[in-house]
Amino acid sequence: MLNASENISLHGAGNDAPPVPVRFRQIDIALRWITELPAAIVLLGEIVLDFWGVVSRYAFNHPLDWADEITEIGFIWMIMLGSVIALRRNEHMRMTALVNMASPRLRAFFETLSSLIIILFVGVMIGPVFGYIELQAQVSTATLGIPDGIRIAAIPYGFILFCLTALLQLSARAEIKHVLVGIVIGVVITAVLFLAKPPLAAMGNYNLFVFFIVLFLCAIAMGLPIAFCFGISTVAYLSFASASPYLIFVNRMEEGMSSLLLLAVPLFVFLGYILQISGFARALVDFVASLVGHLRGGLYYVLLAAMYLVSGISGSKAADMAAVAPALFPEMKKRGSEPGELIAVLASSSAMSETIPPSIVLIVIGAALEVPIGSLFSGGLVPALVCAFALVIMVRIKVRKDDLGHIKRAPVQQVLKSFTIAIPALILPFLVRSAVIEGVATPTEVSTVAAVYTLIVGPLMYRGFEWRRIYPLMVDTVALSGAILLIIGMATTMGWALTFSGFSNQLTAAIRAVVHSKLEFMALSIVLFAVLGSLLEGIPVIILFGPLLFPIAQSLGIDEIHYAIVVVIAMGIGLHAPPLGIGFYTACAIGRVPPEQAMPRMWPYIAALILALILIAAVPWFTTGFL
């Protein structure tokens, strides 16, 4: 049995969640058990069913015609349970930069206000949600005849638990006067919007600015989870500026987040987590380090190569950084590397690897915009290599004067030993990609093939694999996936509202009036997606603006794969660029380095990535040459 050291855990589950008062502790425990255990069971069922579907179809030539119906039911239940778990553990995506600058008292008030908004949102939508169940209960699945109401029941179940969770959080951290002030503010804003309905109607589509700019940005600035920012803004628009029924909101939300293509999100997230505890990532890092660790800046090259390799099999950028940094940073610090420089290379390499499959953003693009996921996976590899080469040049410039007198080349025996240890890990990226290319498994199914491979090979080949960690990682998986997919569902409702209002046609016409060439449109897209990526992250940006901008790109003759890869890299740069990019702060947290130490050192690497992106945008062959 080969030796591999244990990796660190990605999540501190619930570290930021306030303690629940003793009198409500039993309710909180019950809430935990009715969400976490069922969610883990559903995830396990999805993995088993997905894997057996591959085996049954490929090995026995007997596809499971009924499997998709069961998978669809379990998937939406997993989303809603996961999003409740994320809310309970305070792990929903939110922008906290402004809130963290506020005083503790004001921060506590914003947290109270966030909980009240969630309760208000549930209160408004719970009736339409149950109405939607009544409609869908009349529909049955084609093969098994299961009423669709069983699947849709996950939404009201989740909404009720959202409300209960928010009430528990109020009990844990809210002062009575903060609650009263929050209620007064809510009543006043509601009254003002109600009285303003005639002028809002007279404004035409300019009223979108009130709901989707002012209200939305205020909700984000106060730290409300991004998913609920989309939800409350759209519900306010439907309430005070549209005659459309709330049922459409529920329908759009459900359709937006329950596409089976999106099942790849939790499956790849889980794969990333088990790779972290299996020793695969550490084995890859050790092998590459033995090859080039003796070169000037060698361990920086190892870091870049490791991020490229690990990104190809994990699908989670936080998982990538958490797997690579602990393995390399101690030795790099011993060799004299500055902590701030380490974070700069780590964060920029994470931005570089945004298009390496299985990228969650690429999966979302494929699902939301009907772009072939297999082509996106193939088209993202060379552009990532171009970005990596740009970072290598920047590293070379930075380390050209380093002293190598104390560094020795690894002996051949050590290289061979590390190669032998890394063989199972080196096989995995090729297994993943060949399974998709050869048609053995879809991009969704291939994650289960890789997960089963890792769970079988990991315990056999690497010491330190702990089965007791699987259940917590499954809960982490559904929490993160629920948070991501709820954003997609809520953002889809806002996207529908923008389209229904006619704004999308107006925006398209405005862009066409300003932009007259591929070059101008590509430049505008890079700037737009980089800025929005730093504010909202990639998934909601794609859901909102992808349906608007991709058709324009196609009308200008820009290949959809090329355009997708360019905008994903642009969002990756924005996501990891200080001072707003959350990816930069994630890297700082993983490396335990204060942001102010790393921020000045980030800019040369960001500049290198921007130059690489310009080259990729100008030369479509980098994305389409191997399709």
Side-chain angles (χ1 to χ4, degrees), residues 50 54 57-58 259-265 267-268 271 308-309 311-317 351-388 428-450 488 518 521-522 525-526 529 533 538-539 541-543 545-572 612-613 615-627:
D50 221 27
V54 175
R57 182 180 65 248
Y58 188 74
S259 167
L260 275 186
L261 284 175
L262 292 174
L263 180 59
V265 173
L267 297 182
F268 274 118
L271 173 60
Y308 192 98
L309 290 171
S311 293
I313 52 179
S314 73
S316 167
K317 299 310 165 192
M352 166 270 293
S353 62
E354 284 286 344
T355 61
I356 298 175
S359 164
I360 300 301
V361 178
L362 292 182
I363 293 170
V364 171
I365 289 175
L369 303 175
E370 299 183 353
V371 179
I373 295 178
S375 298
L376 289 170
F377 281 6
S378 299
L381 290 170
V382 175
L385 202 58
V386 173
C387 292
L428 185 54
F430 297 100
L431 174 67
V432 168
R433 292 179 184 115
S434 62
V436 175
I437 294 171
E438 298 298 326
V440 175
T442 67
T444 299
E445 295 169 336
V446 75
S447 56
T448 62
V449 175
I488 294 175
K518 294 181 184 180
F521 179 73
M522 193 67 85
S525 298
I526 288 173
F529 279 96
I539 291 171
V541 173
I542 284 295
I543 296 298
F545 292 94
L548 304 180
L549 297 180
F550 270 69
I552 300 176
Q554 289 178 308
S555 70
L556 291 172
I558 300 173
D559 183 87
E560 62 182 2
I561 304 297
H562 178 55
Y563 186 68
I565 298 302
V566 168
V567 300
V568 168
I569 295 175
M571 288 190 297
L613 177 56
L615 178 62
I616 293 165
V619 183
W621 179 87
F622 286 127
T623 53
T624 61
F626 295 94
L627 297 181

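Every side-chain contact (heavy atoms from CB on, under 4.5 Å) that Ala388 has, sequence neighbours left out, goes to Met352. Taking Gln554 as the reference, Glu560 meet the side chain to side chain donor-acceptor pair (under 3.5 Å) condition, with sequence neighbours excluded.
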Pair up each side-chain donor or acceptor in residues 616-627 with any protein partner under 3.5 Å, not counting sequence neighbours, and list the distances.
from	atom 1	to	atom 2	distance (Å)
Thr623	OG1	His562	ND1	2.9
Thr623	OG1	Pro620	O	2.9
Thr624	OG1	Pro620	O	3.0

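Side-chain contact check for Ile558 versus Phe550: every heavy-atom pair is 4.5 Å or farther apart. Using a 4.5 Å heavy-atom cutoff, the side chains of Leu613 and Cys387 are not in contact. With contacts defined as side-chain heavy-atom distances shorter than 4.5 Å, the pair Leu362/Ile565 qualifies. Looking only at side-chain heavy atoms (C-beta outward), Ile569 and Phe529 stay at 4.5 Å or farther from each other. The closest side-chain heavy-atom distance from Phe545 to Val567 is not below 4.5 Å.
Ala351 and Gly572 get closest at one heavy-atom pair: CB-O, 3.6 Å. Considering every non-hydrogen atom in both Gly366 and Ile373, the closest pair reads CA-CG1, 3.8 Å. Shown here for Ile356 and Ala384, the closest heavy-atom pair between the two residues is CG1-CB, 3.5 Å. The heavy-atom pair separating Lys518 from Leu556 by the smallest distance is CE-O, 2.9 Å.
Taking CG from Leu376 and CD1 from Ile561, the interatomic distance works out to 4.0 Å, rounded to the nearest 0.5 Å. Rounding to the nearest 0.5 Å places CD1 of Ile365 at 10.0 Å from OH of Tyr563.
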